[in-house]
There are 2 protein chains.
Amino acid sequence: MGRRRQGLSKGDRRERAILATARRLLADRPMSRIAIDELAAGAGISRPSFYFYFDSKVGVLTALLDEIAGQMAADTGDWLAGSGADDESLRRSLRTSARLWREHGPLLRQALVEEDPDPALRAFRERILDGFVVKAAERIQRDRDAGFAPPGPSPEALARALVQMKFTVLSSASADDVVDTLVTIMQRAIYGTCG
Amino acid sequence: MGRRRQGLSKGDRRERAILATARRLLADRPMSRIAIDELAAGAGISRPSFYFYFDSKVGVLTALLDEIAGQMAADTGDWLAGSGADDESLRRSLRTSARLWREHGPLLRQALVEEDPDPALRAFRERILDGFVVKAAERIQRDRDAGFAPPGPSPEALARALVQMKFTVLSSASADDVVDTLVTIMQRAIYGTCG
DNA sequence: ACTGCGAATCAACACTACGTCGAGTATCAC
DNA sequence: GTGATACTCGACGTAGTGTTGATTCGCAGT
């Protein structure tokens with residue numbers, strides 16, 4: 001609706017204040033239990049003023065998510081680009097992912113594991129998920145071609161299941177011991193031969 | 001609040017009508033987007049009357065979930081009770097689970113993968129999840145002791161990750177080809193030796 | 001056949017949250 | 001100083017939840 005021009009400050013401070021408030025409140029409850037009044041109050045403005053800066057709560061959410069989407073990609077880029085059953089690079093990648101989930105749990109959970117009715121959040125989820133799935137499937141295909149990995153389900157289906165598992169598991173617990181579990185499952189699922 | 005006595009009919013018909021309406025509406029949208037007025041109207045009563053039968057929407061949800069919780073347990077009981085890397089029993093179990101998810105998608109999704117703020121739903125989720133995890137962990141331990149499965153992460157952690165994966169994957173797609181993917185991943189994660 | 005009591009019903013109310021409108025005030029450009 | 005544009009908010013409309021209190025229904029007991 002009332003979108004702001006190219007303004008560089010004053011309103012910008014308010015926008016940041018809203019985001020900061022959201023980050024703070026999201027630390028201990030999901031967005032569904034945060035009222036817009038709280039975000040506005042936290043930024044020192046009234047609720048109608050909030051709508052000057054964002055279209056809705058989801059706008060705030062996606063702004064926050066965009067901030068960390070890049071970091072997520074960077075965390076896994078290393079492993080996605082490599083090849084062969086080298087589990088150290090996978091473990092390192094998962095460890096940094098776990099750190100990210102520990103820090104931004106409620107935010108990532110809402111965006112990546114919950115089935116939110118909001119189309120903008122669904123779109124974000126699909127975008128992120130598909131990004132990982134496509135890259136992971138490529139890597140699996142590469143490793144199969146090179147003889148590192150045995151044949152099995154279609155690389156896309158396998159990758160999708162593993163990425164979804166990673167999100168769900170990290171969402172419910174991101175302590176370091178789950179990383180070991182994830183590493184083992186992924187390695188065996190991709191490189192292990194079936195018993 | 002206003003709970004009904006031991007009544008056997010008339011009100012019972014209404015209670016069933018509410019549940020039937022809920023089942024019908026849940027077929028194409030989640031409970032969060034169904035108003036109590038709709039459930040009441042579908043049963044031919046007014047909203048206040050709805051509260052005579054259920055405490056809230058969640059009450060309806062848990063009533064519906066209880067109906068199918070038993071079926072879920074039966075679906076997997078076969079595999080959970082067995083032992084050894086017999087993948088036919090696992091495949092059969094997953095296929096019937098997939099059918100259940102296809103039929104009750106929105107319901108199971110809301111209860112088992114979404115992180116609902118409602119404590120009653122969380123409790124249901126934990127109860128079901130833990131039930132499966134405990135039994136699956138026992139089976140894994142059994143198979144390791146018998147030499148069918150190699151050592152690896154703690155049976156509980158492994159089982160939890162796999163059960164969560166199963167829920168998430170079946171939630172997002174329950175066609176029969178994902179069953180193959182799940183079978184492969186589970187077999188390799190439990191019985192496959194790492195590459 | 002009535003009477004009494006619990007089952008069942010709902011209009012009306014109170015509350016919370018969302019989003020909008022329109023009339024304002026601040027701020028800076030010239 | 002005088003626009004224009006950034007920003008602000010009181011007041012409003014809407015949609016949903018849950019409660020209250022009066023009322024009617026159904027039937028078991030005498």
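Numbers restart at 1 for each chain; the letters A, B, ... are given by sequence-line order, proteins then strands. Any value given below was found using the heavy atoms of this structure, including those in side chains, with hydrogens, waters and symmetry copies removed.
Atom-to-atom, CG of A:Asp12 to P of D:dT5 comes out at 18 Å; the value is rounded to the nearest Å. A straight line from OH of A:Tyr51 to P of C:dC18 spans 6 Å, rounded to a whole angstrom. One atom, CZ of B:Phe52, and another, P of D:dA22, lie 18 Å apart when rounded to the nearest Å. Across the protein-nucleic acid pair, B:Glu15 atom CD and C:dT9 atom P stand 11 Å apart, rounded to whole Å. One can place CZ of B:Arg14 at 13 Å from C1' of D:dG26, the figure rounded to the nearest angstrom. Taking atom CG of A:Asp55 as the reference point, atom C1' of C:dT20 lies 13 Å away to the nearest angstrom. If you take CZ of B:Arg13 and C1' of D:dC25, they are 13 Å apart, rounded to a whole angstrom. Spacing between atom CZ of B:Phe54 and atom P of D:dG18 amounts to 14 Å, rounded to whole angstrom units.
Side chains of A:Arg142 and A:Ser83: a donor-acceptor N/O pair is absent below 3.5 angstrom, by distance only. There is a side-chain donor-acceptor pair under 3.5 Å between B:Thr168 and A:Thr168.
Residues from residues 36-50 of chain A with heavy atoms under 4.0 angstrom of DNA chain C, sorted by number: A:Ile36, A:Asp37, A:Arg47, A:Pro48.
The number of heavy atoms from other shown groups lying within 6.0 Å of NZ (A:Lys57) is above 12. Annotation for A:Arg23: atom CZ counts as buried by contact number, over 12 foreign heavy atoms lying within 6.0 Å.
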Which atom pairs, donor and acceptor, lie under 3.5 Å between side-chain atoms of residues 25-33 of chain B and protein residues at least two apart or in another chain?
from	atom 1	to	atom 2	distance (Å)
B:Arg29	NE	B:Arg33	O	3.1
B:Arg29	NH2	B:Glu38	OE1	2.3
B:Arg29	NH2	B:Glu38	OE2	3.0

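Close to C:dT9, at under 4.0 Å from its OP1 or OP2, lies a side-chain N or O of B:Tyr53.
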| request: Apply side chain to side chain contact (heavy atoms under 4.5 Å, CB included) to the pair A:Met72 and A:Leu108, showing each step before the final yes or no. | output: CA-CA 10 Å; A:Met72 281 191 53; A:Leu108 292 170; 3.8 Å; yes
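Residue B:Ala35 has its side chain nearest to D:dG16 when only D:dG18, C:dA17, D:dG16 are considered.
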